[in-house]
*Asks:* 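Mind having a look at this structure? Questions to follow.
Just so we're on the same page: letters track the sequence lines, and every chain starts at 1.
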Amino acid sequence: MPELPEVETIARGLATRVVGDVIESVWLGSKPEPLKSPAAEIVSALESKNILDVRRVGKHIVFDLAPASGAQANKKPDAQWIVHLGMTGSLLVCAPQTELAKHTHAIVRLASGRELRFVDPRRFGRLSINEKFEAPGAEPLDVSLEKFTALFRGRKTPIKSALLNQKLLSGVGNIYADEALFRAGIRPRRRAASLTRDELRRLHLSLKRVLKQAIRLGGSSISDYVDANGEEGFFQLKHRVYGREGKPCLVCKGPIKRIVIAGRSSHYCPKCQQ
DNA sequence: ACTATTTCCTGGATGC
DNA sequence: TGCATCCAGGAAATAG
């Protein structure tokens, strides 16, 4: 399930492979769910466009596009293709003769002869067109301690829920919320507004550290996640609480607990997190 | 204005 | 072996 580090890894991998390429044509499947923009709008925004850049914004992958005709230099994007991978979405660069995976919802044919395919079994992913996409919340890797602190002021919701709220921070998902809270020594059910200045400082630091470490390791490969090159990440080997219910805490040896907060499984150490 | 809950969707795991 | 049931979860929709 791609969160910030996985999406960052995928976007970087895609950038090295498709930036500078030109989109010749687009095929969209008949399933309407993955399309947030009308199919015709997506097709016309993509076709005959040069891919200027591929980057991550929150959990979204943004393709900056400009008309393929005209001078290459100093091109400015005139449209953005936004891909959200949801739970099970993937973007694969492959040869046209590569067998079509089940649940392929979009195929983008490139001038280089390759194809960029969007595959998503569970169909939680979304495709859309934007002029200038902006994440609804703060970027977790850039946010200052002051702004981070202000996000949670007056919020009665559990800190775990607040971390997952994309309008506050864009990019944090279930794995990294649990891991950051463990590293900061804070229980997931704590009311966001109840966190002390010192706890907020620790959480701010832990969240950035855990996200950066995960990016360095290519993300967490659980379920069927692989990056744009089909390679697995290794951060799952560094999980200290996520998916470790009943297993000994790596710090105190006590059993890791799993509870449900806002319908999401949440893992923590009752002794190390207060 | 917030917060909590439900819904979407499929494949893999589990249980009888 | 087969079939039913449960569970995973990001984000939008709905309810409180």
Side-chain angles (χ1 to χ4, degrees), chain A residues 1-11 29-38 56-62 82-91 100-106 118-128 130 133-140 150-181 188-195 207 211 214 219-226 232-233 235-236 239 241-246 256-268:
Chain A
M1 46 211 75
E3 301 181 28
L4 186 152
E6 291 78 32
V7 177
E8 178 75 31
T9 303
I10 292 164
S30 54
K31 293 281 198 311
E33 293 93 335
L35 307 183
K36 269 177 84 178
S37 302
R56 175 193 65 79
V57 176
K59 288 179 200 170
H60 302 260
I61 298 170
V62 177
I82 314 299
V83 179
H84 192 294
L85 298 172
M87 285 281 297
T88 53
S90 56
L91 280 169
L100 207 61
K102 203 178 170 186
H103 307 298
T104 299
H105 304 304
F118 174 65
V119 182
D120 183 15
R122 221 166 290 182
R123 308 219 295 274
F124 279 15
R126 292 293 180 264
L127 308 181
S128 61
N130 261 87
F133 179 78
E134 284 180 51
E139 164 59 43
L151 294 176
F152 306 115
R153 201 163 285 150
R155 295 198 178 265
K156 292 182 189 143
T157 196
I159 184 63
K160 169 71 185 280
S161 300
L163 287 172
L164 294 180
N165 184 342
Q166 301 298 300
K167 292 189 179 72
L168 301 180
L169 289 168
S170 294
V172 182
N174 207 33
I175 296 173
Y176 298 100
D178 280 4
E179 293 297 324
L181 286 167
R189 266 215 237 272
R190 287 277 303 283
R191 303 286 124 183
S194 79
L195 268 60
L207 182 61
L211 292 172
S220 299
S221 282
I222 62 171
S223 187
D224 48 6
Y225 164 77
V226 288
E232 296 186 350
F235 190 74
Q236 70 279 9
H239 292 175
V241 286
Y242 183 84
R244 298 194 66 245
E245 181 185 13
I256 298 299
K257 274 196 78 169
R258 187 185 83 93
I259 58 176
V260 174
I261 300 173
R264 297 289 163 262
S265 64
S266 303
H267 312 74
Y268 71 101

*Asks:* What residues form a ring-ring contact (aromatic ring centres under 6.0 Å, His included) with A:Phe124, not counting sequence neighbours?
*Replies:*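 Checked A:Phe124 against ring-ring contact (aromatic ring centres under 6.0 Å, His included); zero matches.
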*Asks:* Nucleotide range of DNA chain C contacted by chain A, 5' to 3', under 4.0 Å to a heavy atom?
*Replies:*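 Reading along DNA chain C, I get C:dA8 to C:dA11.
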*Asks:* Just to verify, what does A:His84 make a ring-ring contact (aromatic ring centres under 6.0 Å, His included) with, not counting sequence neighbours?
*Replies:*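 Partners of A:His84 under the ring-ring contact (aromatic ring centres under 6.0 Å, His included) test: A:His60.
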*Asks:* To the nearest 10°, give me the bend of the helix from B:dC2-C:dG16 to B:dC16-C:dG2, comparing the axes of its five terminal pairs at either end.
*Replies:*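 It comes to 50° between the two terminal axes.
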*Asks:* Write out a two-atom table: protein N or O, nucleotide N or O from nucleotides 2-6 of chain B, distance below 3.5 Å.
*Replies:*
from, atom 1, to, atom 2, distance (Å)
B:dT3, OP1, A:Lys156, N, 2.8
B:dT3, OP2, A:Arg155, NH1, 2.9
B:dA4, OP2, A:Thr157, OG1, 2.8

*Asks:* Kindly write out the residues that satisfy side chain to side chain contact (heavy atoms under 4.5 Å, CB included) with A:Ala138, not counting sequence neighbours, or none if the list is empty.
*Replies:*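 Result, side chain to side chain contact (heavy atoms under 4.5 Å, CB included) vs A:Ala138: A:Val143, A:Lys147, A:Leu169.
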*Asks:* What pairs with A:Arg258 under side chain to side chain contact (heavy atoms under 4.5 Å, CB included), at least two apart in sequence or on another chain?
*Replies:*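 With neighbours one apart ignored, the set is A:Glu245, A:Val260, A:Ser265, A:His267.
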*Asks:* What pairs with A:Ala177 under side chain to side chain contact (heavy atoms under 4.5 Å, CB included), at least two apart in sequence or on another chain?
*Replies:*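 A:Lys160, A:Leu163, A:Leu164, A:Val172.
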*Asks:* Looking for any heavy atom pair under 4.0 Å, which part of the strands does A:Lys102 touch: base, sugar-phosphate only, or nothing?
*Replies:*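 Counting heavy atoms under 4.0 Å across all strands, the contact made by A:Lys102 is with sugar-phosphate only.
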*Asks:* OP1 or OP2 of B:dC9 sitting under 4.0 Å from any side-chain N/O of A:His103?
*Replies:*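 So the side-chain polar atoms of A:His103 never come under 4.0 Å of the phosphate oxygens OP1 or OP2 of B:dC9.
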*Asks:* Look at A:Arg122 and B:dG11 and indicate whether a side-chain polar atom (N or O) is within less than 4.0 Å of OP1 or OP2.
*Replies:*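 It does not, given that no N or O in the side chain of A:Arg122 lies less than 4.0 Å from OP1 or OP2 of B:dG11.
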*Asks:* Take atom NZ of A:Lys59 as the centre, draw a 6.0 Å sphere, and report whether it contains more than 12 heavy atoms from other residues, nucleotides or ligands.
*Replies:*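 Result for NZ/A:Lys59: enclosed.
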*Asks:* Could you tell me whether A:Arg258 contacts a base, only the sugar-phosphate backbone, or nothing, with contacts defined as non-hydrogen atoms closer than 4.0 Å?
*Replies:*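 Touches sugar-phosphate only.
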*Asks:* Name all residues meeting the salt bridge (Lys or Arg N to Asp or Glu O under 4.0 Å) criterion together with A:Arg190; count only those two or more places apart in sequence or in a different chain, and write none if there are none.
*Replies:*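 Salt bridge (Lys or Arg N to Asp or Glu O under 4.0 Å) check on A:Arg190 returns A:Glu199.
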*Asks:* Using the test salt bridge (Lys or Arg N to Asp or Glu O under 4.0 Å), find all partners of A:Glu139 that sit at least two apart in sequence or belong to another chain.
*Replies:*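 Here the qualifying residues are A:Arg56.
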*Asks:* Taking only residues two or more places apart in sequence or in another chain, which ones pass side chain to side chain contact (heavy atoms under 4.5 Å, CB included) with A:Ala150?
*Replies:*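 Counting only residues at least two positions away or on another chain, A:Ala150 forms a side chain to side chain contact (heavy atoms under 4.5 Å, CB included) with A:Arg153.
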*Asks:* Quick one: sort the A:Tyr242 and A:His239 rings into parallel, tilted or perpendicular, breaks at 30° and 60°.
*Replies:*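 It falls in the perpendicular class, over 60°.
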